[in-house]
Amino acid sequence: MKSTNHTEIYPSACPHDCPSTCALEIEKLPGNKIGRVRGAADNSYTAGVICAKVARYAERTHHPDRLMHPLKRVGPKGSGEWEQISWDDALDQVADEFLKREAQYGPETIWPYNYAGTMGLVQRDGIDRLRHVKKYSRQNSTICINLAWAGWKAGTGAYRGADPTEMAKSDVVVIWGTNAVHTQINVMTHATRARKERGAKIIVIDPYKNATALTADMHLMVRPGTDGALACAVMHVLFKEDMADRAYLEKYTKDYRALEEHLDTKTPEWASEITGLTVSEIIEFARIVGKTKKTFFRLGYGFSRSRNGAVNMHAALSIAAVSGAWQYEGGGAFHTNGQLYHWNKELIEGLDAVDTTVRILDQSRIGPVLTGDKKDLGDGPPVTAMIIQSTNPMDVAPDLAKVHEGFARDDLFVCVHEQFMTETAKMADIILPATTFVEHDDIYQGGGQNHIMMGARVIEPLGECKSNHEVISALAKRLGAKHRGFDMTSMEIIDETLLKSGWPDAKSLQSTKWINAQVPFEQAHFLEGYGHADGKFHFSPDWSLIGPDFSGMPALPDHWDVIKKADAEHPYRLVTAPARNFLNSTFTATPTSLKREKRPTVMLHSENAKTIGAEQGDIVRMGNAQGSLLIHVELFDGLQSGTVIVEGIWPNNAFIEKVGINLLVGSDAAKPNGGAAFHDSAVWIKQA
Ligand SMILES: Nc1nc2c(c(=O)[nH]1)N[C@H]1C(S)=C(S)[C@@H](COP(=O)(O)OP(=O)(O)OC[C@H]3O[C@@H](n4cnc5c(=O)[nH]c(N)nc54)[C@H](O)[C@@H]3O)O[C@H]1N2
Ligand SMILES: Nc1nc2c(c(=O)[nH]1)N[C@H]1C(S)=C(S)[C@@H](COP(=O)(O)OP(=O)(O)OC[C@H]3O[C@@H](n4cnc5c(=O)[nH]c(N)nc54)[C@H](O)[C@@H]3O)O[C@H]1N2
Ligand code: SF4
Ligand SMILES: [Mo]
C-alpha cells in the first residue's frame, strides 16, 4: 500500500477476461469506497496504460444496481418478482434442491456452470472442487479459447511464445484477428513503441476497418474464415521467391518438404478468390514478411472463431516457421501464455477428487443440453439443477433460442451467484450477491503477457456480498462435500498453491506485487526445441492429440471449406465482434459504457444497403434458419461488400424484440475439440 495525502493506493490486477491482465493501482477512499483505477507504471507489460472502462471501475463496484442481498423468486420464472432472504435460508434451499435431485437422478443431474467473469484462479476455479467432490457433471469450457489454442498447440506443442514486450523491438508487427484497441489495449502500447522508436510497420488482418486497423500502416481486409488461404499464399510466395529459411526449416521443423509441395498450387491468385484480397496485396504482404526477419505475429482469438478456426490459427502460425522469424528478438509469434506458470491446481480445483467416468457437458452447447438433446446428455440424466458463477449464458451463449427455452423450464432449478441482475440472474430461483475483485483476495496470471499478480482485497464486501470461494465452501458443508479446500481461506489457498507450484509465497508476492514468469529467450522462441516429443514445429499436425473430433481436418495448412458460406438465400457473412466499452456481457450496466455504445447496430456496406433498400438508421430484419431479429443500420464502407458486423454482446433487452445477436450464431461444436463459431454465420437482411 502506498499513501498520498488523503487516499491510499493499493496494488491489484484486473480480474476481467482480457489477455492484458493489467497490473492496477487502486485508490481507496474514505467510507469503504474505491476511487480512480490506474495502470501500474512499473509493470513492464502494463506500462501505466489501462482501458477506459476499468479506469472508471468505481462506477461498476459502487453501481446502485449491484446485487446486495440473497433473493428468492416468488413470481413465475423470469417475472422479476423477488423476496429478500437470509444467506442461511438461501444456501439451505439451494442445498435441499440439489440433494433432492441428486437422490432422484444421480449427481450428474447437477451442472455447476461457470466461466471467466473473474479470472482470479481461486474465485474462478474453486467451483470445480465442489463439482469433482460431488461427482456433478463435468464441463468442457469451450466458449472462448478451444479453437485458437488447438491451432497453436498443433504447431508448437506448447502454450507459450515470444515475449509480447518484444513487439517493441520488431520491424513489423502483424496484428492478426484481434481488435487490440478494443480487447487488449496493451498490445498497442508495445506495437506503437516499435513504430515510434524504429519506424516499424503495423499490419492488421481483419474483416473490417476496426479501431485497430485505423491505426495500421497496412490493413488486409479478408473475408471472415479465410485466413488459412491467405497464410498458404504467403508461404507459397516465401518458398517461390527464396525467402523461406531452409536452414531453420531443416533444423527445427517437421514435414517442410511436404508443405512446400502442397503449397505449389496455393497461389496468390487462388487465395485472392477465397479471401477477396487483391493478388498484389497478398504478394506485398508476403514480401514484407519474407524480407523482414523481425516480424512479430500477434495472433488473436477473433480469427479462430470460425468452423475452420483451429486450422486457420495453425496456418497463420506456420508462416513464422517458414520465414524463420523465431530466431530473432522482435520476431516470432505469440498467442497465449497459458502454460508458463506450471500451476499445481490440485487444491483449487480438487483435482485429487476427479472421477473420469463422470460425463462432460459442452459449455457452448448449453442450449441443446438444457432442451434435452440426447447427443449432449449421453447416457446421463437430464440437467435439473445448476449453480452459475462468473458467466451470463442467457446473453453470451450461441443458439440463444434454445438457451432461453432451456432456462424457462419449470423443472430446472437455477442458482445464480452474480454482481448484477443479469439476464441469467433474472431466470434464477435463488440469486446470491457476489463481491467484485476489490472486495476479495485472489491471484491472477497474464494470458497475453507473462506475470503472476496478487489482487488482495482493497475494501470490505459491500452489502451482504460474498466471494465465490465463500459460497462454494458454505454450500459444500450443506451438501456433505468434504475437501480441505473448503475449510481454508482464499489467502491460505493462494499461499499453498504458489508454494506447491514453485513460486514464492503469498506474503512475498504481496510485497513484490507480481512475478515475471517469462522463460529465457531460447525457450520462449523454441530455439531449444518445440513442445512436441520430437522437438519440432509441426506443419502436418496430429489433430487427434488435441481433440476427439478430428476427422476430415486437413493434413497441412489450407483453406478448410467448412465455414457457413454465403449463398443466394443468405448473402451476408456475419461477424459478432467485441465492443470497446463492454467486456463480453460485463459493463453493459454501467452508464458511461452504455452512453458510448448507444445501441446495437449492423454495420453494412453502402452497396449492400442499396440492394436491400436501407439507409443509415433504418431498422432492418436479419436472420437465418435459427431465427431473425430487428436491428438498426449503420452504413460503413470499411469492409468487403457481403461482410456485416454487429459489435458487442448486448443484453437481449437492448434489442427491439428482446433477443440478442447470438440467436443467429450456431452452437454446433467446431473441430477438433469443440468451440463456438461466433464469427461464422450466414444471414439474410431485408427491409423490416
Ligand atoms: N456474439 C458473441 N458472443 C460471444 C463472443 C463474441 O465474440 N460474440 N465471445 C465469447 C467469449 S470469447 C466469451 S469468453 C464469452 C464470455 O461471456 P461471459 O461468460 O458472460 O463473460 P463476462 O461478461 O466476462 O462475465 C460474466 C459475468 O461474470 C460476473 N462476475 C464477474 N466477477 C465475478 C465474481 O467474482 N463472482 C461471480 N459470481 N460473478 C462474477 C459478471 O458480473 C458477469 O455478469 O462470451 C462469448 N460470447
Ligand atoms: N472491449 C472488450 N474487450 C474484450 C472483450 C470484449 O468483449 N470487449 N472480450 C474479452 C474476451 S473474453 C476475449 S476472448 C478477448 C478476445 O479478443 P480478440 O482476440 O480481439 O478476439 P475477438 O474479440 O473474437 O475478435 C477480434 C477481431 O477478430 C476479427 N475477426 C473475426 N473473424 C475473423 C476472421 O475470420 N479473420 C480475421 N483475420 N479476423 C476476424 C473481428 O472482426 C474482430 O475485429 O477480448 C477480451 N477483451
Ligand atoms: S485492458 Fe483488459 S486487463 Fe487491462 S484494465 Fe482493461 S479489461 Fe482489464
Ligand atoms: Mo473470451
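We count ligands from 1, going down the list as the structure has it; atoms in each ligand are counted the same way. These values consider heavy atoms only, across backbone and side chains, with no hydrogens, waters or symmetry-generated copies.
- Contact annotation for Thr46 and ligand 3: no heavy atom of the residue comes within less than 4.0 Å of the ligand.
- Residue contacts with ligand 1 do not include Ile388, since none of its heavy atoms lies under 4.0 Å from the ligand.
- Heavy atoms of Asp395 found under 4.0 angstrom from ligand 1: none, in either backbone or side chain.
- Close approach of ligand 1 to Tyr115 (heavy-atom distance below 4.0 Å) involves ligand atoms 14 (S).
- Shortest contact from atom 20 (O) of ligand 1 to any protein heavy atom: Ser585 OG, 2.9 Å.
- For atom 25 (O) of ligand 1, the closest heavy atom belonging to the protein is Gly117 CA, 3.2 Å.
- Aromatic ring centres of Phe303 and Trp176: separated by under 6.0 Å.
- Residue Gln389 has no nitrogen or oxygen atom sitting less than 3.5 Å from a nitrogen or oxygen atom of ligand 1, judged on distance alone.
- Remark: minimum distance from atom 18 (P) of ligand 1 to any protein heavy atom is reached at Thr391 OG1, 3.7 Å.
- In this structure, Tyr45 and His190 have parallel ring planes: the angle between them is below the 30° cut-off, well short of the 60° mark.
- When only interatomic distances are considered, the shortest N/O to N/O separation between Thr586 and ligand 1 falls below 3.5 Å.
- On a distance-only criterion, Asn584 and ligand 1 share at least one N/O pair closer than 3.5 Å.
- With a 4.0 Å cut-off on non-hydrogen atoms, Val396 touches ligand 1 through its backbone as well as its side chain.
- By the 4.0 Å heavy-atom criterion, Gln123 is excluded from the residues contacting ligand 1.
- Taking every heavy atom of Leu583 and a limit of under 4.0 angstrom, the matching atoms of ligand 3 come to 7 (S).
- At the top of the distance list for atom 4 (Fe) of ligand 3, counting protein heavy atoms only, stands Cys22 SG, 2.3 Å.
- At a threshold of 4.5 Å between non-hydrogen side-chain atoms, the residues Glu647 and Arg580 do not count as touching.
- Below 4.0 Å from some heavy atom of Leu583 lie the following atoms of ligand 1, by number and element: 23 (O), 24 (O).
- With contacts defined as side-chain heavy-atom distances shorter than 4.5 Å, the pair Val94/Ile387 does not qualify.
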Problem - Residue pair Lys513, Asp42: steps toward the side chain to side chain contact (heavy atoms under 4.5 Å, CB included) verdict - result: CA-CA 10 Å; Lys513 301 187 285 190; Asp42 51 344; 2.9 Å; yes

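- Ligand 1 has at least one atom lying under 4.0 Å from a heavy atom of Arg60.
- Within the 4.5 Å cutoff, the side chain of Leu432 has heavy atoms near those of the Leu91 side chain.
- Coordination check, Cys14 versus atom 8 (Fe) of ligand 3: passed, since an N/O/S atom of the residue sits under 2.8 Å.
- Under the 3.5 Å distance criterion, the side-chain polar atoms of Thr142 are matched with a main-chain donor or acceptor of Ser364.
- Using a cut-off of 4.0 Å between Lys/Arg side-chain N and Asp/Glu carboxylate O, Glu657 and Arg621 are scored as salt-bridged.
- Asn662 OD1, 2.6 Å is the protein heavy atom nearest to atom 1 (N) of ligand 1.
- The aromatic ring centroids of Tyr341 and His451 lie 6.0 Å or more from each other.
- Aromatic ring pairs are classed by plane angle as parallel below 30°, tilted from 30° to 60° and perpendicular above 60°; the pair Tyr57 and His16 is tilted.
- Under the 4.0 angstrom criterion for non-hydrogen atoms, Ser390 is in contact with ligand 1.
- In summary, of the residues considered (Arg457, Arg66, Arg60, Lys466), a salt bridge (Lys or Arg N to Asp or Glu O under 4.0 Å) with Glu439 occurs for Arg66 alone.
- Shown in contact with Glu418 at under 4.0 Å from a heavy atom are these atoms of ligand 1, numbered in order with element: 27 (C), 28 (O), 29 (C), 41 (C), 42 (O), 43 (C), 44 (O).
- Protein heavy atom at the shortest distance from atom 2 (Fe) of ligand 3 is Cys18 SG, 2.3 Å.
- At the top of the distance list for atom 5 (C) of ligand 1, counting protein heavy atoms only, stands Ile649 CD1, 3.6 Å.
- Listed by number with element, the atoms of ligand 1 under 4.0 angstrom from any heavy atom of Thr422 are 44 (O).
- Counting non-hydrogen atoms of neighbouring residues, nucleotides and ligands closer than 6.0 angstrom, the NZ atom of Lys72 reaches no more than 12 such neighbours.
- Looking at heavy atoms from C-beta onward, Thr588 lies out of side-chain contact with Glu423 at the 4.5 angstrom threshold.
- Atom 2 (Fe) of ligand 3 has no N, O or S atom of Cys51 closer than 2.8 Å.
- Ligand 1 has an N or O atom lying under 3.5 Å from an N or O atom of Asn392, backbone or side chain.
- The shell of residues lying under 4.0 angstrom from ligand 1, judged by heavy atoms, includes Arg305.
- Distances below 4.0 Å separate heavy atoms of His440 from the following atoms of ligand 1: 35 (O).
- Counting atoms of ligand 3 from 1 in the listed order, those under 4.0 Å from a heavy atom of Val54 are 5 (S), 6 (Fe), 7 (S), 8 (Fe).
- From the protein, the heavy atom lying nearest to atom 37 (C) of ligand 1 is Asn468 OD1, 3.3 Å.
- For Asp17, the closest heavy-atom approach to ligand 1 falls below 4.0 Å.
- Side-chain contact between Trp514 and Tyr444 is absent, with no heavy-atom pair separated by less than 4.5 Å.
- Looking only at protein heavy atoms, the nearest one to atom 32 (N) of ligand 1 is Gln419 NE2, 3.1 Å.
- Residue Phe678 places a heavy atom less than 4.0 Å from ligand 1.
- Atoms of ligand 1 found under 4.0 Å from any heavy atom of Thr576 (numbered from 1 in listed order, with element): 1 (N), 2 (C), 6 (C), 7 (O), 8 (N).
- Counting heavy atoms from C-beta on, the side chains of Thr643 and Pro224 come closer than 4.5 Å.
- Contact annotation: the side chain of Val646 approaches that of Leu574 to within less than 4.5 Å [non-hydrogen atoms, C-beta and beyond].
- Aromatic ring centres of Tyr136 and Trp111: separated by at least 6.0 Å.
- Here the protein heavy atom with the shortest distance to atom 13 (C) of ligand 1 is Ile143 CG2, 3.9 Å.
- Tyr159 and Trp149 have tilted rings, their planes meeting at an angle from 30° to 60° on a 0 to 90° scale.
- Looking only at distances, no side-chain donor or acceptor of Asp441 sits under 3.5 Å from a matching main-chain atom of Met491.
- Heavy-atom proximity to His679, at under 4.0 Å, picks out these atoms of ligand 1: 7 (O).
- Taking 4.5 Å as the limit, some side-chain heavy atom of His63 sits within range of a side-chain heavy atom of Thr590.
- Residue Ile661 approaches ligand 1 through these ligand atoms, each under 4.0 Å from one of its heavy atoms: 1 (N).
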